[in-house]
Amino acid sequence: MRISKTLFVTLKEEPADAEVRSHALMVRAGFIQQIAAGIYVYGPLMWRVLKKVEQIVREEHDKAGCQELLMPALQPRELWEESGRWDRYVQEKILYHFEDGRGREVCLGPTHEEVITNFVKGKLTSYKQLPQTLYQIQTKFRDEMRPRFGLMRGREFVMKDAYSFDADAEGMAESYAVLRDVYRSIFTRCGLRFTPVEADPGAIGGSGSEEFMVDADTGEDAIAVCHATGYAANVEKAASRIPPPPAIPAEVPMHKEPTPDAKSCEDLRALFPDLPLERMLKTILYRAVWTDREQTVAVMCRGDRELNVVKLTNHLDALAVELADERLVKEATGADVGFAGPIGLKKDVLLLADSSVEGVQGFLCGGNETDTHYLDVWFGRDLEQPPTHDFGLVQAGDQTLDGEGTIEITRGIEVGHIFQLGTKYSEAMGCSFADENGKLQPFHMGCYGIGVSRTAAAAIEQGHDESGMIWPLPIAPFHAMIIQMRAGDEAQDALAQELHDQLHAAGVDVLWDDRKLGAGAKFKDADLVGIPLRVVVGRDAADRKVEWKPRVGGETEVISADDVLPRIRAALEEAGVQIG
RNA sequence: CGGGGUGUACCUCAGUGGUAGAGGGGUAGCUUUGGGAGCUACCAGUCGAGGGUUCGAAUCCCUCCACCCCGACCA
């Protein structure tokens, strides 16, 4: 393809509103254009990338026996009432929903468990048909509170979603394992470095889930990994061995101390330098919301540890749990923010504690009175120890649960998430099959998602330098680029044309820069769009000599024009890319 | 949803009460030709929207909207 005949428009200047590299580079290179917050046009080059990712996704799913279909983006409210998710998704303001012309309520699908379950109902009717996995690649709609980072978190994005149907939990686990392998193959074939991690299933529900994280410092997700044991989990889910409780001090009666303006553990350390952080117990107030009620929840936690709202939300089985605002804190404690404690809380506040408080005695805690804390507080003597549970956030340096290794915190971009749903949707929506005895049983389902557009962005996040993008060969918009130095030079025109035609005929995706531009501009553009294999047709064209100039990792080399195709073939083969 | 910021040409931005600007970009010409070359001419804006103050508003005031950032939240 000749650049002069394509929509190839690059910008010299960085877009002002792009925070992450992938976003800035995609805009500069003309891959995407923003239409509104979190809504983008995918330009021709971007679309080529997306199609390549989609193709890899398709091939790997099909190879594993999955079947592709296409479901509607527009979905009726009734379906979502059946699964019981309408309220939660509306509450979380993630669902685009509106009335149609006749007053019927519909939504734009953020995910498709309801539709797929409804679709197989009456079609998958016998155990003899199982297992089956169906998938689609489609645009999803989610009204993200804060879309950001370009394609990383959009309100409309391309997603592959798959759903498995099995007769029982064992079957579901097998289908899940198959898909997990499919996912590994997909991201490996895309040329990405990634880490599969244990995850929290969130609003989707179900028992087990794993996320596939592309390793990148700019990722939105923090993950806890241990190289010694191989443990890897999203910090939302991760558990670790809590450092042992502090030594128990001599028993003295509880006493109240004035602590003016000491609202944090740090402030308190300045006041009581001899008291270890481990013997300061924080009490954090939250507002938990369910469909039909809400409650203030106070959670105690050791001063050297942090709380994990996701674990708390799951424990409470709440729709949402958020930090209490100033007003609510005052209402529950009677004090300003920073002085909450377990003693003397308002009666309707639910008091819980993180496991880290177990075994702590003689501690400091808030006095529920502005500028006041209690010291030398003992569980059992001064108050009952509240029910404890693991609500803790894993920290770098923690021991793994088995004590065999040390956890470190890294960052990643979530490009895939797989779930074992169990019978949540099949039961809620009355979707069942006949087993060997002719008895009706609900399906055991799994669901599996890949953010296709996010995967493309993650590839740039992982592969770029100061000059531009560096695409992995399997998902690059073009495999190879011919950079012709002087358009109009007879020898160069002829050789570039010959090479272009030869490569094209061989099935190589080749982009030919035939523009009448200075050499500098062409090299800058070539670096920016990051096509991995490059050939410069220049001053030696008359001798059928060209320069082999890969985007990265190779010295420029003068080679015969006849060696170009073999070289490209070799590079493609090495990257596992089939052509022709 | 709370806090902060920004809206002026296709892009990046300057312009604090008196004729709407620069650079990039595009077009034409000349020159140049291996890492975003030079010169000349031209193209390009309801100054986010509405209201107010003023002889006069991009500029001051009010309301709204959009976008970006931080937080909260989030497959």
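Since the structure is predicted, the reported quantities are computational estimates derived from the model, not experimental observations. Chain naming here is simple, since letters A, B, ... match the order of the sequence lines and numbering starts at 1 in each.
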Check ion pair K237(A)-E198(A) (N to O, under 4.0 angstrom):
no

Could you state the CZ-P distance from F8(A) to rG25(B), rounded to the nearest angstrom?
15 Å

From CZ of R287(A) across to C1' of rC73(B) the rounded distance in Å is 12 Å

Are the ring centres of H97(A) and W80(A) closer than 6.0 Å?
no

Output a table of donor-acceptor pairs, distance under 3.5 Å, between side-chain atoms of residues 9-19 of chain A and any protein atom two or more places apart or on a different chain; print 'none' if there are none.
from	atom 1	to	atom 2	distance (Å)
T10(A)	OG1	D525(A)	OD1	2.8
E14(A)	OE1	R21(A)	NH1	3.2

Judged by each residue's nearest nucleotide on RNA chain B, which is more toward the 5′ side, A36(A) or F157(A)?
A36(A)

Measuring centre to centre across the rings, with the benzene-like ring taken for any Trp, is H61(A) within less than 6.0 Å of Y135(A)?
yes

If we call it a pair only when both distances are under 3.5 Å in a Watson-Crick or G-U wobble match, what pairs with rG71(B)?
rC1(B)

Select one nucleotide: of rC74(B), rC67(B), rU12(B), the one nearest the side-chain heavy atoms of E144(A).
rC74(B)

Between P on rG25(B) and CD on E13(A), what's the gap in Å once rounded to a whole number?
9 Å

Calculate the interatomic distance between L95(A) atom CG and rC74(B) atom C1'; express it in whole Å.
14 Å

Value in whole Å for how far the P atom of rC67(B) lies from CZ of F149(A):
17 Å

Using atom CZ of F141(A) as one end and atom C1' of rA75(B) as the other, report the distance to the nearest whole Å.
16 Å

Charged N to carboxylate O under 4.0 angstrom, R544(A) versus E498(A)?
yes

How far does the C1' atom of rC10(B) sit from the matching atom of rG56(B), given to the nearest Å?
32 Å

Rounded to the nearest Å, what distance is computed from the OH atom of residue Y96(A) to the P atom of nucleotide rA75(B)?
16 Å

Sidechain N-carboxylate O distance under 4.0 Å for K311(A), D390(A):
yes

Hey, which sits more toward the 5' end of RNA chain B by its nearest nucleotide, E211(A) or R155(A)?
R155(A)

Lys/Arg N to Asp/Glu carboxylate O, R305(A) vs D354(A), below 4.0 Å
no

So does R146(A) reach the base of rA72(B) with its side chain, donor to acceptor, closer than 3.5 Å?
no

Measure from CD on E19(A) to P on rC67(B) and round the result to the nearest Å.
17 Å

Treating primed atoms plus P, OP1 and OP2 as sugar-phosphate and everything else as base, which nucleotides of nucleotides 27-38 of chain B get B, S or - for protein heavy atoms under 4.0 Å?
------BBBB--

Under 4.0 Å, counting only non-hydrogen atoms across every strand here, what does V321(A) touch: a base, just sugar-phosphate, or nothing?
sugar-phosphate

